[in-house]
Amino acid sequence: QVHLVESGGGLVQAGGSLRLSCAASGSSYRMGWFRQAPGKEREFVASISWSSSNTVYADSVQGRFTISRDNTKNTVYLQMNSLKPEDTAVYYCAARDSPIGSFNYWGQGTQVTVSS
């Protein structure tokens, strides 16, 4: 079992930055971030391989967000720059406990609100 705890959300003005953290307990391979706005389906944001050799970003955040991880701390980060109001959502950390497959562990989420 993998337990994930997100932190770092908050309220920020458009154009500002936030850094999200996700601390994992247990073995995690690929990890990632998803987000869900009120009334919308959950959408993929970014993911990173165990070794950080591969990263994937949604087109909507590419060039603005950076995902990274520190395996000595079992923590994944999401640096969010140039934030837009449409980035407002609950951000969820995700992980999988196998080398391949779908994400099968999820955090409780952290709220990110971007004001205009």
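Just the heavy atoms: all of them, side chains too, but no hydrogens, waters or symmetry mates, feed the values below.
- Side-chain contact between Tyr105 and Ser28 is absent, with no heavy atoms from C-beta onward closer than 4.5 Å.
- The CD atom of Gln62 sits 8.5 Å away from atom OG1 of Thr55, with the distance rounded to the nearest 0.5 Å.
- Residue Met31 comes nearest to Ala95 through the heavy atom pair CG-CB, 4.0 Å, listed as atom of the first residue, atom of the second, then distance.
- If you take CD on Glu43 and CD on Gln36, they are separated by 9.5 Å, rounding to the nearest 0.5 Å.
- In summary, of the residues considered (Ser102, Ser47, Ser98, Ser49), a side chain to side chain donor-acceptor pair (under 3.5 Å) with Arg30 occurs for Ser47 alone.
- Note that NZ of Lys84 and OG of Ser116 are 14.5 Å apart. Values are rounded to the nearest 0.5 Å.
- Between Val61 and Val45 the shortest heavy-atom distance is CG2-O, 3.6 Å.
- Side-chain N or O atoms of Ser53 include none that pairs as donor or acceptor with a backbone N or O of Ser51 at under 3.5 Å.
- Across Asn74, Val76, Thr75, a single residue satisfies side chain to side chain contact (heavy atoms under 4.5 Å, CB included) together with Arg69, and that is Val76.
- Residue Ser115 holds its OG atom at 3.5 Å from CD of Gln13, rounded to the nearest 0.5 Å.
- One finds the CG atom of Leu18 at 8.5 Å from the CD atom of Gln79 (value rounded to the nearest 0.5 Å).
- Scanning both residues, Tyr57 and Ala46, for their nearest heavy atoms gives CD2-CB, 3.7 Å.
- The two residues Val2 and Ala24 have their closest heavy-atom pair at CG1-CB, 4.4 Å.
- Nearest heavy atom pair, residue Ala58 against residue Phe44, reads CB-O, 3.4 Å.
- Separating the CZ atom in Phe65 from the OG atom in Ser17 is a distance of 9.5 Å, to the nearest 0.5 Å.
- Counting heavy atoms from C-beta on, the side chains of Ser60 and Arg35 come closer than 4.5 Å.
- Between Met80 and Trp33, every side-chain heavy-atom pair lies at or beyond the 4.5 Å cut-off.
- In terms of modelled atom types and a separation under 3.5 Å, the side chain of Glu6 and the main chain of Gln108 share a donor-acceptor contact.
- Nearest heavy-atom pair across Gly32 and Phe103 is N-CE2, 3.8 Å.
- A 6.0 Å sphere centred on CD of Glu86 holds more than 12 heavy atoms belonging to other residues, nucleotides or ligands.
- Both Val12 and Leu78 belong to a common hydrophobic cluster when Ile, Leu, Val, Met, Phe, Trp and Tyr are linked at side-chain heavy-atom distances under 4.5 angstrom.
- The local environment of CH2 in Trp50 is sparse, with at most 12 non-hydrogen atoms from other residues, nucleotides or ligands closer than 6.0 Å.
- Two residues are said to be in side-chain contact when any heavy atoms from C-beta on lie closer than 4.5 Å; Asp87 and Arg64 meet this criterion.
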